[in-house]
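Because only heavy atoms are used, hydrogens play no part in the values below, and waters and symmetry mates are left out as well, while side chains stay in. Order of listing sets the numbers, starting from 1, for every ligand and every atom in it.
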Amino acid sequence: MDLVAGGATDVGMVRSANQDSWLVADRLWAVADGMGGHLGGEVASQVTIEVLRDHFDDYTAESFLAAAQEANRAVHERATGNADLRGMGTTLCALALVDTDDGAQALSILNVGDSRCYRWRDGEMTQLTRDHSLVEDMRAAGQITDAEAAVHPHRNIVTRALGIQPEVKIDTFAAVPVAGDRYVLCSDGLFNEVTVDRIAATLRRLADPQEAASELIRQANESGGRDNVTCVVVDVLDATGAATSVDDAGEVAARGAGGTNRPPDLAGITTAQPVVVAPDADEPPPPERRSGPASDEPKPRLRRATWRTFLFAVGLLAILAAAAAAVGWYARGSYFVGLDQGEVTIFKGRPQAVLWFEPTVENRTGIAEAQTPAHLRDALADGHQQPTLDESRAYVNRMRSMICAELENGAVWPPLEPGAPTTTVPASCADVAPAPGTAPTTTTPRGSSTGPPTPTTAPPTPTTS
Ligand code: MG
């Protein structure tokens, strides 16, 4: 039986220091995620990896577990002996190929904290370890769903860690090495950013363990990289020592005479449930929040996709606002002289309303439609456009002059309403050339809505020349 592995780590996209440590060694692979203090997390994870490596010397499950316990003591002693490191701790998720009493080989897995070990087999991912975290306890108790656990704001609180107390409970698992299986050890910086399905798809696609590990790190950073991220991929080779391969269909097949070998799990040991080997009297340390340097805490931030959506929405709103302003400027930027309820009126706007911009009355003139020169009435009916209010008033004054001139020439204006007395006076000729005794005689109220102006006094005697 042979195993090959690749590993990678990255500080991530937010934090300034990497407190994760990892190990790829002869028959031993591990990931540790440190926590606490300015330097504590980094020291705790490094010490753990070093002690584990140095004490795993006879390739047995017992020495593997003993090495992890020794790592716990080493971290605890460093923490209690140095004020700067007080309270530091680390997770540990480790895999080893160990010799069994009957001369066979087995895989042994140790776990403390919330780093994880997954097994990928035939495209399916199985989480072998159980997190020692507040959120996992809540999920196991049925208080929250899997989906809620995945995004819970307190999912970084661990309930057990190496180095917090002199002794620690360590979950152990055993597995039979099966050719084609791939094991993934990772810190929470991976599975909090990359879904298990995507991890599985990446393992299906990339046969080389180093390539797969590096690609998973890249995906974690692409998804936000809000924590240090570490990943070790361990591949089990077949009985002949030949490498596994990924065929075109993406399925893993073992090469060599033996083909895939799927012995049952080791007798008496289930790989589905953890076996706790530490004394039950040891209570796990109280829940603690990972406490890296204050400046190192990830700050809540919008994902890049959300930022793009926000900026797109802002840009779209700006364009719509500019378009509305342009339409408003066009629709409201001119005047016209038209008719309103039979009265010549100056309007602000366009004769034909533009979108929701209706023309509004700017000035009433007191000139009835019936008093206007016949050749102007069509234009008034359509609305005679003028660029400015002053020019609109000038247009009305010219019309008034024409009316007054005709009056002076003896014009007699038709009655404004059937049966009304004939009038000779338009609204007012006072500003034009009022003839003696021909003062304005109509009193149409400005803005009246009762119809065309109606004479209220007897028409004056027509002036003759
Ligand atoms: Mg972490």
| remark: Here the N/O/S atom of Asp188 closest to the Mg ion (ligand 1) would be OD1

| said: Which residue in the set Asp114, Thr9, Asp20, Asp33 passes side chain to side chain donor-acceptor pair (under 3.5 Å) when paired with Ser187? | reply: Asp20

| note | Of all the N, O or S atoms in Asp227, the one nearest to the Mg ion (ligand 1) is OD2

| query | So does Asp33 have any N/O/S atom less than 2.8 Å away from the Mg ion (ligand 1)? | reply | yes

| Aromatic rings His152 and His154: how do their planes relate, parallel, tilted or perpendicular, breaks at 30° and 60°? | tilted

| request: Give the ring-plane orientation class for Phe347 versus Phe336, where under 30° counts as parallel, over 60° as perpendicular and anything between as tilted. | output: parallel

| said: Looking at Glu124 and Arg121, is there a salt bridge between them, counting it only when a charged N and a carboxylate O are closer than 4.0 Å? | reply: no

